[in-house]
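Each remark here refers to the structure printed beneath this line.
Every heavy atom of this structure was used, including side-chain atoms; hydrogens, water molecules and symmetry mates were not. Throughout, protein chains are lettered first and strands after them, A, B, ... in sequence-line order, and every chain is numbered starting at 1. Since the structure is predicted, the reported quantities are computational estimates derived from the model, not experimental observations.
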2 protein chains.
Amino acid sequence: MATLRDVAREAGVSVATASRAINGLGNVTAPTKAAVMAAVKKLNFVPHSGARSLTRRKTDTVGVILPDLFGEFFSEIIRGIDLVAHESGMHLLLGNMHGSTHETAAAIAAMRGRVDGLLVMPPDLKPELLADYLDPALPTVLLNYDAGSLDLPFVAVDNYRGAYAMTEALLARGMRQIVHIAGPKHNRDARDRQRGFVDAMAKIAKISNPAILPGDFSEESGAQAGRLLVQGQLPADAVFAANDQMAVGLMAELANAGKSVPGDVLVAGFDDIPLARHLNPSLTTMQVKIDRLGSTAMMMLLRILRGETLGGASATILTPTLVARGTTGGAAIPATVAAAGALPT
Amino acid sequence: MATLRDVAREAGVSVATASRAINGLGNVTAPTKAAVMAAVKKLNFVPHSGARSLTRRKTDTVGVILPDLFGEFFSEIIRGIDLVAHESGMHLLLGNMHGSTHETAAAIAAMRGRVDGLLVMPPDLKPELLADYLDPALPTVLLNYDAGSLDLPFVAVDNYRGAYAMTEALLARGMRQIVHIAGPKHNRDARDRQRGFVDAMAKIAKISNPAILPGDFSEESGAQAGRLLVQGQLPADAVFAANDQMAVGLMAELANAGKSVPGDVLVAGFDDIPLARHLNPSLTTMQVKIDRLGSTAMMMLLRILRGETLGGASATILTPTLVARGTTGGAAIPATVAAAGALPT
DNA sequence: TTCGCCTGTGTAACCGGTTACGTTGTTAAC
DNA sequence: GTTAACAACGTAACCGGTTACACAGGCGAA
């Protein structure tokens with residue numbers, strides 16, 4: 001592979017001149033520049049970005065560290081990030097912590113010297129640990145994680161308000177025996193959603209200790225919850241699953257048992273995965289614009305990299321929108337609720 | 001940020017010794033090593049991967065260049081790649097050509113010096129152009145692309161055989177008026193699938209010039225085809241869509257028109273997107289294990305990087321499997337067809 | 001004792017670019 | 001006719017690591 005010195009020699013100039021010509025800096029006469037360009041073509045020289053970033057102290061790359069790559073949640077995030085990154089000519093270096101805390105540290109360390117900034121999504125990592133791993137000199141934006149004590153910028157989804165709004169909507173339909181299928185115990189999103197549900201039940205309908213079935217965000221765990229319901233151990237006129245995936249499993253099980261949705265029981269989910277509107281009946285759910293999560297975080301990172309101070313905008317909370325579909329009868333949702341769930345845009 | 005020289009100074013040794021101690025090479029006494037390690041901890045030194053890869057001439061990174069990041073097809077590929085890459089401690093640098101030929105060149109060039117190898121998926125790029133852009137010195141594996149004249153290793157899906165098998169299965173059910181909804185004209189996958197369909201109709205049922213409706217892989221184009229069918233302009237006892245997405249649009253339109261599937265007409269798709277089995281009725285389709293596409297390519301690349309010669313294995317063709325579901329009546333498919341579509345494991 | 005070899009460590013070149021600074025030659029200003 | 005200013009270009013240091021080679025000291029063998 002040709003190097004800059006090869007090009008310089010071929011063009012009969014010094015490396016400095018060659019570099020300047022190639023990068024379009026001033027102080028190079030047209031004929032000299034032409035000679036250099038000819039040499040570039042002839043040797044088909046392509047600049048070595050690794051070497052370049054070493055001196056420029058700039059890599060034009062951001063590191064993206066996700067807990068996993070499974071499912072469309074992550075792919076949508078990546079797409080959102082890429083959308084913005086691409087516009088700014090940035091590249092994406094993917095790091096996958098594969099669920100392990102130890103690997104998180106390794107993934108972050110491996111980014112040193114290869115990225116200008118970091119986008120990290122550490123769903124179940126304690127803030128103190130995270131602070132330990134992170135390089136304070138490296139601009140970092142957290143994804144779907146409220147840094148709390150750490151004063152790192154982050155963008156998150158308002159799971160609490162989303163769950164609250166959905167519960168409110170179900171209550172507005174006259175439902176009282178609403179069962180929640182929870183997500184993984186240690187998962188922040190899951191906990192916030194559960195809190196939103198519990199609070200809405202208490203505040204709006206004065207129902208304390210509403211029924212909550214365990215789940216882990218998987219389709220199968222939704223199906224399990226469905227079997228519990230069907231066996232009649234739990235009276236329910238509506239089921240609010242902490243994510244769509246579980247709602248899918250639940251509905252399959254209800255159908256098996258001959259239960260009609262929304263005739264016998266209403267069903268609601270959370271996330272609005274593409275599958276949701278294709279189900280039969282289509283699934284009422286809280287729409288989270290996942291790609292927005294990624295693109296917003298990337299925009300924040302870019303601003304930091306440009307030296308702007310984020311100021312008050314150092315945290316962005318995305319509010320999910322309620323999408324009413326077939327599983328709750330499909331009709332309109334009270335205007336107040338719809339407004340509460342509306343995205344600022 | 002601390003550099004190696006800082007560490008060396010702190011530990012009272014030379015950079016060479018510090019480097020050796022950190023990298024666990026021999027020829028360092030235990031006390032010296034301990035001193036270096038203490039300095040590393042104290043300054044919390046993290047090696048600068050950029051600088052390191054410059055001398056090692058190894059980046060432990062592979063570049064992945066995809067035409068787009070939209071939808072789960074690509075996310076599944078990335079997941080497959082990551083699975084294998086992660087095991088080997090490799091990182092992924094994402095490049096997105098965003099559909100443009102010009103950007104493809106830029107994306108490939110930008111990879112120079114930052115990756116040890118390339119995984120490229122150039123769905124509608126002419127081989128000659130591709131050869132132009134690619135650096136012959138950089139190990140490259142093509143995704144879903146038969147390099148043909150170029151002797152680059154690649155992994156692809158046997159779209160032809162898949163479509164042939166599906167058509168055969170429909171014919172075996174006694175269908176004769178089978179309509180194919182084609183994909184984009186310039187798309188290789190689409191063309192191969194169409195060829196498979198046409199050939200199967202001709203060879204097995206002696207039907208030449210079977211009905212083919214235009215489409216572009218989008219749900220809407222499937223719906224459009226559905227409207228054409230419903231208006232009775234085309235008699236059909238089965239419809240074979242070139243991908244699942246179009247089958248989804250088609251089925252929605254058929255349902256609108258009160259047509260029963262599979263009562264009035266059978267429907268089949270291609271890809272087996274997760275949505276397929278959740279449709280009502282569930283969609284019969286050719287299952288393509290997309291993540292396998294990525295992981296296989298990555299494994300091939302790793303072997304090249306290790307210096308192994310691929311020999312005859314420089315091309316891998318993944319054969320899709322027929323999954324019979326509700327839209328074709330759900331029952332068994334003739335054994336021969338199932339076998340023809342079976343993956344080698 | 002002398003030579004050879006091995007071990008632990010240091011010096012400096014190198015990877016492939018960028019860029020501060022110095023040099024040369026030209027032109028404008030006095 | 002000097003000098004200053006400036007444009008075009010070259011030299012070499014530098015980014016932060018790795019590593020070939022040199023070197024000093026210790027030890028066993030002859």
Quiz item: Rounded to the Å, how far apart are B:Arg20 CZ and D:dT19 P?
Solution: 10 Å
Quiz item: Are A:Asp60 and A:Lys58 ion-paired here, with the side-chain N under 4.0 Å from a carboxylate O?
Solution: yes
Exercise. Would you tell me if any nitrogen or oxygen in the side chain of A:Ser14 comes within less than 4.0 Å of OP1 or OP2 on D:dT11?
Key: no
Quiz item: Between C:dG10 atom C1' and B:Arg9 atom CZ, what is the distance in whole Å?
Solution: 16 Å
Practice problem: Looking at every strand, decide which applies to A:Val13 at a 4.0 Å heavy-atom threshold: base, sugar-phosphate, or nothing. | Solution: sugar-phosphate
Quiz item: What nucleotide, of C:dG10, C:dG16, D:dT18, holds the atom closest to the side chain of B:Arg57?
Solution: C:dG16
Self-check item: Which residue lies more 5' along DNA chain C, comparing B:Val28 with B:Leu54 via nearest heavy atoms
Solution: B:Val28
Quiz item: What is the distance, rounded to the nearest whole Å, between atom CG of A:Leu4 and atom P of C:dT19?
Solution: 12 Å
Quiz item: Within less than 4.0 Å of OP1 or OP2 of D:dT18, is there a side-chain N or O belonging to B:Asn23?
Solution: yes
Self-check item: Closest listed nucleotide, where the reference is the side chain of B:Ala16 and the choices are D:dT11, D:dA20, C:dG17
Solution: D:dA20
Practice problem: Tell me which of B:Asn27 and B:Arg112 sits closer to the 5' end of DNA chain C, going by the nucleotide each one is nearest to. | Solution: B:Asn27
Practice problem: May I have the distance from A:Arg114 (atom CZ) to D:dC15 (atom C1'), rounded to whole angstrom? | Solution: 16 Å
Quiz item: Closer than 4.0 Å, any side-chain N/O of A:Ser49 to the OP1 or OP2 of C:dG17?
Solution: no
Exercise. Establish, with yes or no, whether the OP1 or OP2 oxygen of C:dG8 is under 4.0 angstrom from a side-chain nitrogen or oxygen of B:Thr32.
Key: no
Quiz item: Quick one: A:Ile22 CD1 to D:dC9 P, roughly how many Å, whole number?
Solution: 14 Å
Exercise. Classify the side chain of B:Arg52 and the base of D:dG16 as holding, or not holding, a donor-acceptor pair under 3.5 Å.
Key: no
Quiz item: Closer to the 5' end of DNA chain D via nearest nucleotide, is it A:Val15 or B:Thr3?
Solution: A:Val15
Practice problem: Please check if the side chain of B:Ser49 supplies one atom and the backbone of A:Ala110 the other of a donor-acceptor pair under 3.5 Å. | Solution: yes
Quiz item: OP1 or OP2 of D:dC9 sitting under 4.0 Å from any side-chain N/O of A:Thr29?
Solution: yes
Exercise. Would you kindly give the CZ-to-C1' distance between A:Arg56 and C:dG16, to the nearest whole Å?
Key: 13 Å
Quiz item: B:Asp6 CG to D:dG17 C1': how many Å, rounded?
Solution: 12 Å
Quiz item: Does OP1 or OP2 of D:dC14 have a side-chain N or O of A:Thr55 closer than 4.0 Å?
Solution: no
Quiz item: Between B:Thr61 (side chain) and B:Thr59 (backbone), is there a donor-acceptor pair under 3.5 Å?
Solution: yes
Quiz prompt | Result of checking A:Leu293, A:Ile290, A:Val288, A:Ile81 against A:Glu76 for side-chain contact (heavy atoms from CB on, under 4.5 Å) | solution = A:Ile290
Quiz item: Got a salt bridge between A:Asp6 and A:Arg9, using NZ or NE/NH1/NH2 to carboxylate O under 4.0 Å?
Solution: yes
Self-check item: Presence of B:Thr17 side-chain N/O under 4.0 Å of C:dG8 phosphate oxygens OP1/OP2
Solution: no
Practice problem: May I ask you to decide if A:Asp189's main-chain N or O and A:Asn187's side chain share a donor-acceptor pair within less than 3.5 Å? | Solution: yes
Quiz item: Could you give the CG-to-C1' distance, from B:Leu25 to C:dT7, as a whole number of Å?
Solution: 15 Å
